[in-house]
Amino acid sequence: MSLKIYNSQSRQSEEFVPYDPKHVKMYVCGPTVYNFLHVGNFRGPVVFNMVRNWLEYSGYKVTYALNFTDVDDKIIAKANEVGMTPGELSEKYIAEYKKDFASLGLRAHDMNPKVTEHMEDILSMVGTLIDKKVAYEAQGDVLYSIETFKDYGKLSGRHTDELLAGARVEVDEKKRSPMDFALWKAAKPGEISWPSPWGPGRPGWHIECSAMIKNIFGDQIDIHGGGMDLIFPHHENEIAQSEGCTGKHFVKYWMHNNMLNFGGQKMSKSLGNIVSLRDFVTMYNAEIYKWMIQSVHYRTMSEFGDAAVDRAISGLARVYSAMAMAESYLTPEVTQVDAAFAKITEDAWKKVEAAMNDDFGTPEVFATMFEVVRQFNNQVRRGMKVNPAIQGKALAFTQFIKKMGAVLAMFQEPAHDFLIKLDNMLLDKANIKRADVDAVVAERSAARANKDFAKSDELRNKLVAMNISVSDTPEGSFWEVTK
RNA sequence: GGUGAUGUGGCCGAGUGGCUAGGCUCAGCUCUGCAAAAGCUGCUACAGCGGUUCAAGUCCGCUCGUCACCUCCA
């Protein structure tokens, strides 16, 4: 069973063969840190966290770097606006990013390189590009001459003449060709700058990734990830810089996650249709977010809205309810899985492997998970007499969900606790107090005990109006928020 | 205008030319005082028009629609 990855450059799925058969080098473009990030920005981190997990499951050692762009026009502008230095501002938002990242329960990257910590690498790479006559100095700027790079456009499928025909590039007298892009920008008066052979200035946006990758990993890496919107010009320019510098093929597999839409359009700061991840996780829950991201294939554009949130909640309730039932049958003494049910989960796991190996088909993983949940519910019900067979099924089921969840960074919480958390969240949103529901349910239980079914039904209707479902079991009446 | 995606049943969303995706909704049944949850059963779709093939949602062409990129953007 081998892994296939869709390579954006070749536009087809290719068998994954890393340069080093045991060790995968993976780099993903991270954020420019000048503000809180929105839910769309975190699609990539969730996706590539899953990618790393799957590579590790597949037996590879993975080194995963994600950068922080901590020098940039927007950072400088925002810093001036709020009266901080660019360094203070970027450090603040790096800390906020890390909080968001941790709130999603994602594993830390192996490294988070920053532009300001790789100035020497950047200067050295720019110097090499000038020496190779691939770049030229112009009034304190250093520009990359794309005419020197024959493969320019091989990732995005764009050709320089077409780009020129687009004519949406601002004319810059300093450029030999309108499409040339800045490797180094001369500092404006009073702006933060670093010394260089071409005068004080700062790096262009694209060079940082090339330089940091070269410094951390060397001339070649296996996987380079990022959002689809980075294909042009950012990644195209990275290729030009890195290959122009080393003469070697730069990235073996380009992986690009699609965008998150909101209201039918790409979620973006400039359009203003954004929800910050911080707000979303505070109001909802990280599991809901990860469900929304991973139940859709990473290369499919996905609509982020209330309907999608509701779907995620009902799906989570279904899975966690089954897990809670399994939990109720398990004790630390239960260590033996039921052979018949283990066969079911083993077969399901083969489907999970096949789906994941086919360019990380997480939607099919979810489908398989639902099938296992259904089979478990079919064989095990609440209130069954506890016996080793039931417990063995519960164990096999739990192990399957946890194993799959480990790849998705989901389903690791105690199920009962999670369901209560989910209900509390929904009660808060509806502005309903737990005690009020308890009171009505208690009143109804009393009516039922007196066989006053008319009153019982009346109270049930009242609960239904509050979006509460009551279940009457031999052990008593329990309620939950209807999902 | 250029480049690249994409169009699947009421909704969401997978899909490697022939074999049940899955979830939600809906209808029926089991269970239940009535319900809920859960289970069982049912609902057979691939934008349109051509073409290739023994066989196409799956390949090719055209048309129409949607989206992204071409400007900072995950």
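Basis for what follows: all heavy atoms, side chains included, without hydrogens, waters or symmetry-related copies. This is a predicted model, so every value here is computed, not measured. Naming convention: chains lettered A, B, ... in sequence-line order (proteins, then strands); numbering from 1 in each chain.
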Suppose you measure atom [atom1] in [N] against the same atom in [M]; what distance do you get, rounded to whole Å?
| N | M | atom1 | answer |
| --- | --- | --- | --- |
| A38(B) | G23(B) | P | 11 Å |
| C43(B) | A27(B) | C1' | 8 Å |
| U8(B) | G13(B) | P | 9 Å |
| A21(B) | G61(B) | P | 27 Å |
| U44(B) | C11(B) | P | 15 Å |
| A14(B) | U6(B) | C1' | 15 Å |
| C40(B) | C46(B) | C1' | 28 Å |
| A47(B) | C12(B) | P | 14 Å |

| query | Got a sec, which residues hit side-chain contact (heavy atoms from CB on, under 4.5 Å) with Arg381(A), two or more places apart in sequence or on another chain? | reply | Met384(A)

| field | Under-4.0 Å salt bridge between Arg176(A) and Glu147(A) | value | no

| field | Phe68(A) ring center within less than 6.0 Å of Tyr97(A) ring center | value | yes

| message | Suppose we call two aromatic rings close when their centres sit under 6.0 Å apart. Are Phe411(A) and Tyr320(A) close by that rule? | response | yes

[X]: which residues meet the ring pair (Phe, Tyr, Trp, His ring centres under 6.0 Å) condition with it, sequence neighbours left out?
| X | value |
| --- | --- |
| Phe376(A) | Phe341(A), Phe397(A) |
| Tyr289(A) | none |
| His297(A) | none |

| query | Quick one: side-chain hydrogen bond (donor to acceptor under 3.5 Å, both in side chains) partners of Ser456(A), sequence neighbours excluded? | reply | Arg444(A)

| said: From NE2 of His235(A) over to P of A68(B), roughly how many Å is that when rounded to an integer? | reply: 19 Å

What nucleic acid atoms does [X] come within less than 4.0 Å of, heavy atoms only: base, sugar-phosphate, or nothing?
| X | answer |
| --- | --- |
| Arg299(A) | nothing |
| Met325(A) | nothing |
| Met259(A) | base |
| Ile231(A) | nothing |

Produce the list of close N/O pairs, under 3.5 Å, pairing protein atoms with atoms of nucleotides 15-21 of chain B; give distances to one decimal.
none

Sequence neighbours excluded, which residues qualify as salt bridge (charged side-chain N to carboxylate O under 4.0 Å, His left out) partners of [X]?
| X | value |
| --- | --- |
| Arg460(A) | Asp472(A) |
| Lys154(A) | Asp151(A), Glu243(A) |
| Glu364(A) | none |
| Asp110(A) | Arg52(A) |

| With the sugar-phosphate defined as primed atoms, P, OP1 and OP2, and the base as all remaining atoms, what B/S/- string results for nucleotides 24-36 of chain B, 5' to 3', for protein heavy atoms under 4.0 Å? | S--------BBBB

| field | Given RNA chain B, 5'-ward residue of the pair Glu303(A) and Val373(A), judged by closest heavy atom | value | Glu303(A)

| query | Listed in order of residue number, which residues of residues 36-49 of chain A have a non-hydrogen atom at under 4.0 Å from RNA chain B? | reply | His38(A), Gly40(A), Asn41(A)

